[in-house]
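Values in this document were obtained by computation on a predicted structure and should not be read as measured data.
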Amino acid sequence: MAAGDFAFVTNQNSSDLSILDLDARTEVKRIEVPGKPAGISVDEAHGWFFTVSPDSKTVRRFDIATATEQSETTLDGGPIGVAVDGAGGRIFVSDWYNARIWVLDAETLEQRGTLETGSAPAGMAVAADGSWLASADRDANRVSVFDLTTLELRHAITVGERPFGISAGPDGMIYAANVGSNSVTVADPATGQVTGTVEVGERPYGIAFAQGAGFVTNQYGDTVSVFGLDDLAVEATLDVGEYPEGIDVTEDGRTIVVANWFSNSVSLIDAASRTVTGEIGTGDGPRAFGHFIARDHGEGRP
């Protein structure tokens, strides 16, 4: 692939994955991913990306440069989300049905253990410094925070109603999107204390950060709410495609990418001007639940 930013978008309805060249604004490849994939996470350090297919309960590892599958494993329960601990050589997969997170070897996908969470864990986030893992436990209305060195539970933080998507902010805080209370909860992973709440649109799903702001997809609003990280005040509401879900940001922090499940597209947002600048078609039912953008530097992998 030529140098640039690429999005790896899981399409749940069509059981495939769209690879989008964000600079050229086009889909460059589509590969089959059986089992209606939802979860996605890129591992730029190793040149991999991982998918989770809930219907077939399958986790797969692909090579970024060639988009070929290299390893797979089948889990029981209800796997849905995936997060990468690149430094530790692990990935984490949330089990929607059994209040746990699987710990897998990133290369072989062999199980290393499990972590106990609250009910119905969905999204997960790993701290930029590799110190903690957090999960959004939807039916428990909480966020579980684990120490990544010991894998011990550090905090169980009560947040809003039915948290689903979760992200690590550039300020080191945890941000959880609460689909039941139309809010984002901000929590300190060190103290386990809630430090703020942002009232956003209807059924917030995912959160990304750029230009000193948070960008939140609102499923029922067909919008993205933009809030300042300093004062947690909503500064703009942007119209995107229908039923926006997954959201991520390019490496340079200039472009926010939003997966629109019902529109079969991604919307591109200029983070500085906070305007929608374009749209790229995908497969059927793009979810992109997780971290789905990787930077290719012209060397065959990020």
Side-chain angles (χ1 to χ4, degrees), residues 4-9 18 20-26 42 123 125 128 160 163-179 181-186 195-282 286-295:
D5 287 295
F6 289 81
F8 297 82
V9 179
S18 294
L20 310 179
D21 184 329
L22 298 178
D23 295 335
R25 300 193 172 191
T26 186
V42 299
F164 196 85
I166 188 169
S167 295
D171 53 2
M173 294 296 185
I174 294 170
Y175 290 77
N178 308 305
V179 299
S181 52
N182 297 336
S183 64
V184 171
T185 298
V186 188
T195 62
T197 302
V198 188
E199 301 299 327
V200 292
E202 192 170 2
R203 288 185 66 94
Y205 183 91
I207 311 163
F209 304 93
Q211 307 291 324
F215 294 74
V216 185
T217 51
N218 303 308
Q219 291 173 314
Y220 284 11
D222 301 339
T223 59
V224 168
S225 296
V226 186
F227 65 90
L229 296 183
D230 292 334
D231 58 9
L232 301 182
V234 172
E235 301 170 348
T237 301
L238 311 177
D239 293 326
V240 290
E242 189 176 2
Y243 215 85
E245 293 207 335
I247 186 169
D248 205 353
V249 61
T250 56
E251 184 183 59
D252 60 12
R254 294 182 179 180
T255 305
I256 296 288
V257 183
V258 176
N260 306 307
W261 190 11
F262 288 0
S263 297
N264 295 339
S265 68
V266 302
S267 295
L268 306 178
I269 298 171
D270 182 277
S273 66
R274 298 173 184 179
T275 57
V276 177
T277 61
E279 193 170 21
I280 308 171
T282 65
R287 297 292 301 276
F289 181 42
H291 175 39
F292 61 91
I293 294 178
R295 177 75 178 174

If only atom types and distance count, is the side chain of S167 paired as donor or acceptor with the main-chain N or O of I207 below 3.5 Å?
yes
Interatomic distance, D171 atom CG to T195 atom OG1 [nearest 0.5 angstrom]
8.0 Å
Start with the C-alpha gap between Y175 and L229, add the side-chain angles, then the distance that decides, and say whether side-chain contact (heavy atoms from CB on, under 4.5 Å) holds.
CA-CA 11 Å; Y175 290 77; L229 296 183; 3.6 Å; yes
Tightest non-hydrogen contact, residues V240 and S267, listed as CB-OG, 3.7 Å
Going by heavy atoms in the side chains, are F292 and V257 under 4.5 Å from each other?
yes
Just by modelled atom types, is the T255 backbone N or O under 3.5 Å from a matching donor or acceptor in the T250 side chain?
yes
Between L232 and T197, what is the shortest heavy-atom contact and its length?
CD1-N, 4.2 Å
Residues I293, V42; criterion side-chain contact (heavy atoms from CB on, under 4.5 Å); working and verdict:
CA-CA 7 Å; I293 294 178; V42 299; over 6 Å; no
When every non-hydrogen atom of P286 is compared with those of A259, the smallest separation belongs to O-CB, 4.1 Å
Would you name the heavy atoms of L20 and G281 that are closest together and state the gap between them?
CD2-O, 3.8 Å
Modelled atom types, side-chain donor and acceptor of S183 and N178, under 3.5 Å
yes
Minimal non-hydrogen separation, V249 against F209, with atom names
CG1-O, 3.7 Å
Atom CD1 of I280 and atom CG of D21: how far apart are they, to the nearest 0.5 Å?
8.0 Å
Salt bridge (Lys or Arg N to Asp or Glu O under 4.0 Å) contacts touching residues 222-249 (sequence neighbours left out):
E235-R274, E245-R287
Between N218 and V216, does a side-chain contact (heavy atoms from CB on, under 4.5 Å) hold up when you go through it step by step?
CA-CA 6 Å; N218 303 308; V216 185; 4.2 Å; yes
Contacts of type side-chain contact (heavy atoms from CB on, under 4.5 Å), residue T277, not counting sequence neighbours:
R25, L268, D270, T275
Quick one: closest heavy-atom pair of G206 and A177, and the distance?
N-CB, 4.4 Å
What is the ring orientation for Y243 with Y220, classed by angle as parallel under 30°, tilted 30 to 60°, or perpendicular over 60°?
tilted
Compare all side-chain heavy atoms of P204 with those of T217 and state whether any distance is below 4.5 angstrom.
no
